[in-house]
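Keep in mind it's a predicted model, so treat the numbers as computed, not measured. Convention: sequence-line order gives letters A, B, ...; per-chain numbering from 1. Just so you know, these numbers use all the heavy atoms, side chains as well, and skip hydrogens, waters and symmetry mates.
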Amino acid sequence: MTDMWTDGNSLGGPLREVFCADLTAATGRCAGCGRTGQLAEGRAFDHAAGVVLRCPGCGQPLLRMVRGPGRTWLDLRGLEYIEIASPG
Amino acid sequence: MGIVSPGFSGRRRSKANLPPGQYLVHDFPVLSAGPTPRAGLDGWEFRITTESGRVHAWDWAAFRALPAEDITVDLHCVTKWSKLGTSWRGVSLDTLMDGVETSAGFALARAVGDYTANLPLADLLDGKAWIAFRYDGADLPAEHGGPARLLVPHLYLWKSAKWVRGVELLDHDEPGFWESLGYHNYGDPWREQRYWGD
Amino acid sequence: MARAAVLGRLSWLVARLADIRDETATARTLILEVPGWPGHLPGQHIDVRLTAEDGYSTQRSYSIASAPAGSRLELTIQLLDDGEVSPYLAQVLSRGDPLELRGPVGGYFVWHPADPAPVLLIGGGSGVVPLMAMVRTRIASGSQAPMRLIYSTRSRDTLLYAAELERIAAGGSGLSVDVVYTRSAPPGTGGRTGRLDGDRLAALAGPQDAGVACFVCGPTGFVESIADLLTSRGMDPRQVRTERFGPSGGN
C-alpha cells in the first residue's frame, strides 16, 4: 500500500493563501539533515488534520500547516531558511 | 462560503445524531501526518512512564496476555467526518494503569515517528480509553494504526494516536503534534472544540 | 536556482463551463471561460472548489491541459468510480454552470516556452495532462526547442488526446510522440505491450545530454520508477522534475 503523500507541488494553492509568493519553487534547507532542495520536492502529507511537508531525505517535517476558519497556523522550524527569487 | 455548485452534493451525508458540524461516513477514511510504519511485532513495546521516571513496559506477548475487551464506539474526526458503531478489541487503559503509581494530572501519548497527542490523565481512565489491536473483526491494519493504536472515542480522533508506543504521565500539560499548531488542547466534539479559542 | 516569483494574492474566480469534449469513455475535457484569468505557464495547476447547498465543500487540484489562450482554460477529468469530485465534473456539470477555481499554481513543474533547451516529457495515465499543456504551448508559441513525449497508457481505450497526438506524431518539426501501451496495443503498432522499463525507455528517449529538461508525471509508483531509471542511467536528478498524483493517480 502506498503512503498518502503527494509532491509538495500540491501545497502551491494553500501556501498562496498566506504568502504572496509561490513557495513550492523556493529553495529551503532542512533543519534536520541539511539537505537543500525546492519545497515542491518535499512529501506533502495532506490527508491529515493539517499538512506536514516532510524532507524527502530524512523524513523530518520541513513545515506544518493548520488551516482554521479565518486563520492559518504555520510552523516553519523545520526549515533553516527559505530562498525566494525576487521579480524582475 | 463559496458559490453553490449546481447539482453537487458530495459523498452521501446525513445529520443523524452527530456532534455539531460533523457529517456521517460509511467508509473509514485514512488520515496520516507521516509515512505508515511497517515495523513488525518483534520490536513492539508499549511503555507507561510516570512523572518520576518509572517505566512499566509490555512487549507484544505480555500485552496480548492482558485481559481485553470488545467495544463498539463512534468516531469523530476533526476533519468533520463521523463513523458510528465501529467495533474494536483492545486493552483498557484502566488495566494497563493498574499498579502504576502516579499523582500526575496529564498524559502524552507517543507514537512511532514524531506524532504525539496530549490529554488529561483522567480522560484515559474509567472506561474511556483503550489500546486497540483489532478492528471490525480482524487485526488492526497498518493504515488504521496497527498493530496497536490508542482509542479515546469521546475526543476528536486525532487524540487516538495510531501506532502508539507509550504514554508519558506528566505533572504539566505538554501540547502534542497538532495541539501545538492550532488544534484545541482538549478536543471535545460535542462542544465543537476544534481549534484554539473554540 | 530559486525561481519562486513574488505574486499577488490568490483568490477564487468563478469560471463558466463553455463546452465539453469527450476524450475516452471515462475522460472528458472541460473548456472553461474564466473572466479575470491572469494567464499561465504549461505545467501549472488550478484548485477547484465545490460547495453543496448545506455549505459542505471540498477542493481538488487539476493540471491545466491547454496552452495559454486568453481567458480560456481546459481541464481533462478522468472519471473515478469512487471519486467524489470527478463524477460531478465529468457527468453533472453542464454548459453554462459556474465552477470556482483559483490559480495558476505552481512554479516548479513548469516549462517556459522561451527556454531553448531540449525537453523530455514522460507521462503515465492522466499524468499526460500537464505534459500535453507543454506540447500545446510549444506548438502555439513557435518554439523550436526539441521536445519528445513518451506517454504510457493501458490501451487505445484509455488514450487521451488520440487524434491530436496522431497529427502531432506525423508532423515532425522537432516534436515527437511515442505511446507505450501497457495492456493491449492497437493493430498497426506492432502489438508490443508491457510497462515502460529501462530498455524501452532508453530506446525511446535516446541519448540524453546534460542540458535536457525532463518532466515526469503520473501515479506515484510510475513516477518513482521512471525517475529511478533516468537517474540510474546517468541523468542528474536535478534535471528531472516530477509531479506525483498520489497512489491512484487521480480524484
Revision key, fill the gap. Looking only at B:V78, B:D114, B:L181, most heavy-atom pairs under 4.5 Å shared with chain A are made by B:L181

Check your understanding: Does A:A40 offer a backbone N or O that forms a donor-acceptor pair with the side chain of A:N9 under 3.5 Å?
Key -> no

Review point. Less than 4.5 Å apart, any side-chain heavy atom of B:T49 and any of B:R54?
Key: no

Review point. Any idea how B:Y115 and B:F177 line up, ring-wise: parallel (<30°), tilted (30 to 60°), or perpendicular (>60°)?
Key: tilted

Review point. Non-hydrogen atoms of chain B under 4.5 Å away: do they reach the side chain of A:R43, the backbone, both or neither?
Key: neither

Study note, to complete from the structure: Applying a strict 4.5 Å limit to non-hydrogen atoms, the region of A:R54 in contact with chain B is side chain

Point to revise | Chi angles and distances behind the side chain to side chain contact (heavy atoms under 4.5 Å, CB included) call for B:L157, B:T79 | key: CA-CA 9 Å; B:L157 201 60; B:T79 63; over 6 Å; no

